[in-house]
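Heads up: the structure comes next, in structure tokens.
Numbering of ligands and ligand atoms starts at 1, following listing order. Positions are given from 1, in the same order as the sequence printed here.
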Amino acid sequence: MEELARALANSKNAIAFTGAGISADSGVPTFRGPGGLWERYKPEELATPEAFSRNPVLVWRWYRWRQELIYSAGPNPAHYALAELERLGVIKAVVTQNVDGLHQKAGSRRVVELHGNIWHLRCVDCGNEIVVEKPVAEIPPRCPRCGGLMRPGVVWFGEPLHRASWEEAVALASSADFVLVVGTSGAVYPAALLPTIAKRGGALVAVVDPGKTAFDDIADFKIRGRAAEVLPELARKVKDVLRSDI
Ligand code: NAD
Ligand code: ZN
């Protein structure tokens, strides 16, 4: 941990790369964790364009359930620690696979959302996009402009990422000298390529996760622990290093 804090504090171009695990401590379940009501469905059976055209009401029920969880949960100390590290000038951006918007809520300013945002809705007929702040009331929601079916503004399995976000993420990873990987198993592509892209460019890679991840082999630092416990401590130690270096 000491060494990790020192390396991060001394980096010039660090980024964070986050996944569902960072929001697990807010009470938002990962796709592979327990999901109560929804355990009998696989995310691959709900988060796809096919599932949505087959049964938009079912898919929307699941998204509304997730919106409600996220709405009542809010950011946890791990999200706040990353925002703090950005304010300190240590982390330049957060690249996230999460769709919950909790990084922005915690105060992170440069957030690249690779898989979209659950609070964005898009009309499947006319492309109209709206942003909601609360869980949708009516299911399925209808387009205020044309009355068409609205879908969640997230990237589903089998869909390409938004080009601009992906290109921004690749540019950030290519020029990074440090990648702090938090709470992602590394099973979802192409997002999972980013730490390797950074590593090839000479970056140090640190992984914070209580479990095994696909990034453990390329990690220069591995902290096995929960994000909400590890990241605030890391931020404190980084501050100590910065202070002692003045
Ligand atoms: P994943 O479910 O594949 O992996 C989650 C990782 O988080 C695992 O490695 C697990 O060990 C780790 N983890 C669990 N609890 C943790 C904790 N307290 N602190 C730190 N790490 C913890 O998630 P993924 O890699 O993000 O891929 C799943 C896909 O599902 C992504 O595309 C993501 O967009 C989507 N998703 C998003 C949310 C969200 O927005 N909150 C939630 C679930 C799934
Ligand atoms: Zn419309």
Side-chain angles (χ1 to χ4, degrees), residues 16-35 38 42-44 46-48 62-63 65-67 69-71 73-79 81-82 94-106 111-130 140-159 161 165 169 180-195 206-216 219 222-232 234:
F17 176 57
T18 66
I22 196 170
S23 296
D25 287 325
S26 291
V28 181
T30 65
F31 277 176
R32 281 133 193 113
W38 294 97
K42 290 198 189 102
E44 294 81 359
L46 294 164
T48 67
W62 184 56
Y63 275 97
W65 172 72
R66 298 184 60 211
Q67 283 183 333
L69 275 174
I70 295 161
Y71 188 69
N76 68 60
H79 297 104
L82 289 184
V94 177
V95 177
T96 189
Q97 300 164 82
N98 293 346
V99 298
D100 52 34
L102 292 178
H103 285 300
Q104 294 93 323
K105 239 185 169 174
V111 181
V112 181
E113 294 180 310
L114 291 175
H115 294 157
N117 189 305
I118 200 167
W119 303 107
H120 294 183
L121 272 54
R122 188 169 73 244
C123 176
V124 299
D125 290 334
C126 77
N128 181 24
E129 290 184 348
I130 60 170
R142 294 278 163 192
C143 174
R145 192 197 281 161
C146 79
L149 188 59
M150 303 287 289
R151 59 164 282 177
V154 301
V155 177
W156 280 329
F157 291 104
E159 291 184 323
L161 305 196
S165 316
L180 181 59
V181 180
V182 186
T184 169
S185 66
V188 177
Y189 280 84
L193 293 170
L194 293 168
V207 174
V208 176
D209 198 299
K212 283 206 181 104
T213 79
F215 310 112
D216 295 356
K222 168 89 204 223
I223 309 279
R224 270 189 193 271
R226 305 175 70 91
E229 284 162 12
V230 176
L231 293 195
L234 178 61

Is the His79 ring parallel, tilted or perpendicular to the His103 ring (thresholds 30°, 60°)?
perpendicular
Parallel, tilted or perpendicular: which describes the rings of Trp62 and Phe31, with under 30° parallel and over 60° perpendicular?
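The arrangement is tilted - the two ring planes meet at 30° to 60°.
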Checking side chain to side chain contact (heavy atoms under 4.5 Å, CB included) between Leu231 and each of Asn76, Ile22, Ile223, Asp25, which is the one that passes?
Ile22
From the options Val207, Val95, Leu194, select the one residue that forms a side chain to side chain contact (heavy atoms under 4.5 Å, CB included) with Val181.
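Testing Val181 for a side chain to side chain contact (heavy atoms under 4.5 Å, CB included) against Val207, Val95, Leu194 leaves exactly one candidate, Val207.
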Would Ile22 count as a contact residue for ligand 1, given that I'm defining contact as a non-hydrogen atom of the residue lying under 4.0 Å from a ligand atom?
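In this structure, Ile22 fails to qualify as a contact of ligand 1 - no heavy atom is under 4.0 Å.
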Hey, is [X] touching ligand 1 through its side chain, its backbone, both or neither, going by heavy atoms under 4.0 Å?
X: Pro29; result: backbone
X: Arg226; result: both
X: Ala24; result: side chain
X: Val99; result: both
X: Ala20; result: both

Quick one: pull up [atom1] in [X] and [atom2] in [Y] and give me the separation to the nearest 0.5 Å.
X: Cys143; Y: Ile130; atom1: SG; atom2: CD1; result: 7.5 Å
X: Trp119; Y: Asn117; atom1: CH2; atom2: CG; result: 8.5 Å
X: Ser185; Y: Lys212; atom1: OG; atom2: NZ; result: 13.5 Å

State whether the shortest distance between N or O atoms of Thr213 and N or O atoms of ligand 1 falls below 3.5 angstrom.
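Between Thr213 and ligand 1 (N or O atoms, distance only) the closest approach is not under 3.5 Å.
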Is any side-chain heavy atom of [X] closer than 4.5 Å to a side-chain heavy atom of [Y]?
X: His115; Y: Leu161; answer: yes
X: Arg142; Y: Leu149; answer: yes
X: Cys146; Y: Asn128; answer: no

For Asp216, what residues pass the salt bridge (Lys or Arg N to Asp or Glu O under 4.0 Å) criterion, not counting sequence neighbours?
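Scan of Asp216 (salt bridge (Lys or Arg N to Asp or Glu O under 4.0 Å), adjacent residues dropped) gives Lys222.
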Give every residue pair that meets the salt bridge (charged side-chain N to carboxylate O under 4.0 Å, His left out) criterion with at least one member in residues 148-158, sequence neighbours excluded.
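Applying salt bridge (charged side-chain N to carboxylate O under 4.0 Å, His left out) to every pair that reaches into residues 148-158, excluding sequence neighbours, yields Arg151-Glu159.
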Just which atoms of ligand 1 are under 4.0 Å from any heavy atom in [X]?
X: Gly211; result: 11 (O)
X: Gly19; result: 26 (O)
X: Val28; result: 41 (N)
X: Ser23; result: 41 (N)

Between the candidates [options], which shows the shortest non-hydrogen contact distance to [atom]?
atom: atom 34 (O) of ligand 1; options: Arg224, Gln97, Arg66; result: Gln97
atom: atom 6 (C) of ligand 1; options: Gly183, Ala187, Gly225; result: Gly183
atom: atom 21 (N) of ligand 1; options: Ser185, Ala227, Pro210; result: Pro210
atom: atom 41 (N) of ligand 1; options: Val230, Asp100, Leu69; result: Asp100

Protein N, O or S atoms less than 2.8 Å from the Zn ion (ligand 2), ignoring waters?
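The answer, once waters are left aside, is Cys123 SG, Cys126 SG, Cys143 SG, Cys146 SG.
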All side chain to side chain donor-acceptor pair (under 3.5 Å) counterparts of Asp209, not counting sequence neighbours:
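Asp209 satisfies side chain to side chain donor-acceptor pair (under 3.5 Å) with no other residue.
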